[in-house]
Colleague: 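This is the structure, below, for whatever I ask next.
Atom set for the values below is all heavy atoms of this structure, side chains included, hydrogens, waters and symmetry mates excluded. Remember, it's a predicted structure, so these values are computed and weren't measured experimentally. Every chain is numbered from 1, with letters handed out A, B, ... down the list of sequences.
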Amino acid sequence: MLRRIITAVAIVVGTAQPLLADNAVNPQADFKAFRKYFTERFPKVPLNDFVNGPYSMDAGLRKQWIAIDAFPPYEFAVDKGKQMFAKPFKNGKTLADCFANKGIGIRQDYPKFDAKSGQVITLEVAVNECLEANGEKPLNYNKDDMAAVTAYMAFTSRGKPFDIKIPNDPRALTAYKKGEEYFYTRRGQLNFSCASCHVQNPGNHIRTEVLAPALGITAALPIYRSAWGGMGTTTRRLRSCNSQVRGLPLAGGDELYRDVEYYLSYMANGLPISGPGARP
Amino acid sequence: MRNRHLILIAVALSVIAFAGVAFAASADDFKVALAKAEAADKQAYAFKNQWTTTEDDLKKAKAAAAAGKFDDAVKLAQQAEALANASIVQAKEQEKLWTEAVIR
Amino acid sequence: MNEFPGAIPGAPDCARRMILKTAVAGGLAGLGLAASAMISPVYANADAKEWPQSAFKEKNQAAVLKDLYGKSEAVASDKINLDAPEIAENGAVVPIAIASTLPKVTGIAILVLENPNILAAAYKIPDGTEAAVSSRLKMAKTGKVVAIVESGGKLYSATQEVKVTVGGCGG
Amino acid sequence: MPTIRVRAVVSGNTTEVQSLIQHPMDSGFVKDSKGQLIPPHHIEVVQFEHGGKTVFTALWGPAVSKDPYVKFSFKGGKKGDDLKVSWVDNKGATDSLTAKIQ
C-alpha cells in the first residue's frame, strides 16, 4: 500500500516538474541498486566497514588509522561538544533542549525532512536553527564549534544504524532527487562529479588520496583530517570536494548541500554511525 | 634646424599617442570587459556552478586595472568571461547528462 | 573554537599553574627537606631546562647523537623494531613505534632525515620502563626514519624508508 | 578545559600509558593566510611521574605532530595509583594532570 502511494506521488511529481519528467522518484529502487553496486564491486569489504571510508579499501592506511584511533585526535572536539551541549544559553535553555532524547544517540536520524518548512534539516542546520531560535548566534558551518557539537552528537550515536526517512511528501521526494542530481552532476573546471570519485573510483588514488566509497560516506562525519590539521564538518567536506575540482563551494546550509547529504545518508540506511572519524 | 627638431619630437609624440589608442586598452575597455565577465559569472551563480578559476581571474583583472595595467586587466576579464561561459555550458549540459551516471 | 584553550601564556588558569610550578621547583631546591616534609610523593613538573636545544637544531645524525649522548656512532641492530608505515597517509601525522629487546635501554630517539632539523623526538627511559614508545611525527617528504636506542652506554640504530605523498612539514 | 588526556591501564606488573595533549605544535616552517611564517610553538618536555619517580620523559621538537600522542609502559604501577603528567612548551606555558591508573 505504502509503496503504491509513493509510486503514485512520484508519478504526480514526475509529471508536475519537468526536471523529474523522465526520472520517476523511487528511493527504494535507488537504494537497492546503490547497495548492490558497492557490495558487488567490493565483495571482501564487510557491509558495516564501508563507513570507514578509505580504511575499508587500503590495508596500509587501515593500520595507520588503527594506530591513530587508539587515542584519536578528535577526542578534544567530543569533550568540547559535550560542554557546549550542557552550557545554558542566555535564556537558560540548552542545545540539548532542542533535540529528541536531549540530543543523545540521535545522529542517525539526520538529515530529516521537515514538513513545516518543506526543507531538509541536516544535523548542522538543526544546531544553528536551535541557536537562532534561542537568540544565540549561529555557528560557522565549517569547523570549530560546529564540528565539536556534531562530533559529540555522533559519538553518542556510534553504532546506531542510519535511519533516514523520506516521507510521502512531494517536497521530500524533490529534495531527495535534487540531492541525487547534485551528487551525479559534473562541476568545476575539472569537470568531476561527486560520483566520479566516490562511485567510479573508490579505493583508487587521485593525486595522493585513497578515495572513499560513497556508500556510508556521511556516517563518519564530522572528521579530524590530518590534511586540515583539525576537525571539519559535513559542510567542510562538501566544500573541499567542490574546491578540489575547482568549483566554487556553496555556503553552509545551502539547500543543495542539505539535499545531497539527505540523498547520501538515505543510501547509507542501516549502516552504523562511526563519527567522529579520523581521516588522512 | 631647430624646427626640424620640433617636428621630429611632434612626430614621435604622435606615434606614442597613436599607439596608445590603437594597441593599449583603456579603463573604459576594461569596464566593458568586466561587465561582460560579471554578467556571465552572475549567470553561472544562478546555476550554482561558478568555477574558482573564474573568480580568481576576476580578482586578478580588478587588481591589474587598479594598478593601471589595462591590457592585462582586459585579457583577464575576457578569460574570466570565457570560463564563466564554459561553466554555464557545463551546467546546462549536466541538467540532462547527470542521469547517465546514476547507478541503476 | 579556541583552538588551544589551556596553554595561552598568561591565561588565568595557566598563570596559576605556573605559580604552582615555581613553588614546587623552589621546594625541590631544598631537596631532601621538601621531600621528607610531605606525606604524598613529591611531583615535579616538566622542566624546560631538560630540553636539549642544540640537538634539535642539528642537520646530521652524528651531530645529533653527539649532542644527545656524547658519542656520534650508532651500530645497526636487529634488536630494534622500528614500525613505520611504508606510505604515510599524511606527512602531518605519521605513527611510528619503536621497541627494542636490547638490555639496559636508557634512551630512544627518532630522527627524520629529510626534515629541516632531523631530530624529531628523544625519550628518556628510566629503570623499570620498557624500551618501547609510540608517537606521531611530521615528515616533510619521503625519506629515512632512524630509530636510535641507547643501551648499556652504547648506541644502536634501525632505519626504515617512509614514502610521503603529502608533506607534513606544517602540521 | 584540560589539555592533557591520559589513559593508564595496569595489566599484571606492567602499566601501559597513552597520552594525548592538545597543542598546535607549530613547526615554524608554515605560513599563515597572510604569508607570514607562523613562529615555532611546540611542547619541549613532557614528564610522567609515578610514586614520586619519573617513569618517562619525552623531549619533543617541532616535528612532533599537532595534538601529540605518546605511548609507553612501565613496571610497578597499581590500580588506583596516581600518575602525573606535565608539559612545558617553548613559550613557557605549562599544564599538568594527575590521573588514576585503571
Colleague: Can you give me the closest heavy-atom contact between D/Arg5 and A/Phe76, atom names plus distance?
Modeller: NH2-CD2, 2.9 Å
Colleague: At a heavy-atom separation under 4.5 Å, does D/Ser19 approach chain A through its side chain, its backbone, both, or neither?
Modeller: backbone
Colleague: Quick check for you: to the nearest 0.5 Å, what is the distance between D/Ile21 atom CD1 and A/Phe71 atom CZ?
Modeller: 10.0 Å
Colleague: To the nearest 0.5 Å, what is the distance between OH on A/Tyr74 and CG on D/Asp67?
Modeller: 13.5 Å
Colleague: Taking atom OH as the centre, does D/Tyr69 end up with more than 12 heavy-atom neighbours from other residues, nucleotides or ligands that are less than 6.0 angstrom away?
Modeller: yes
Colleague: Side chain from CB out, backbone as N, CA, C, O: work out which of these in D/Val6 comes under 4.5 Å of a heavy atom of chain A, or both, or neither.
Modeller: backbone
Colleague: What's the separation between atom CZ in D/Arg7 and atom CD in A/Glu75, rounded to the nearest 0.5 Å?
Modeller: 5.0 Å
Colleague: What is the minimum heavy-atom distance between A/Ala70 and D/Gln18, and which atoms define it?
Modeller: CB-OE1, 3.5 Å
Colleague: Would you indicate whether A/Arg186, at its atom CZ, is surrounded by more than 12 heavy atoms from other residues, nucleotides or ligands within a distance under 6.0 Å?
Modeller: yes
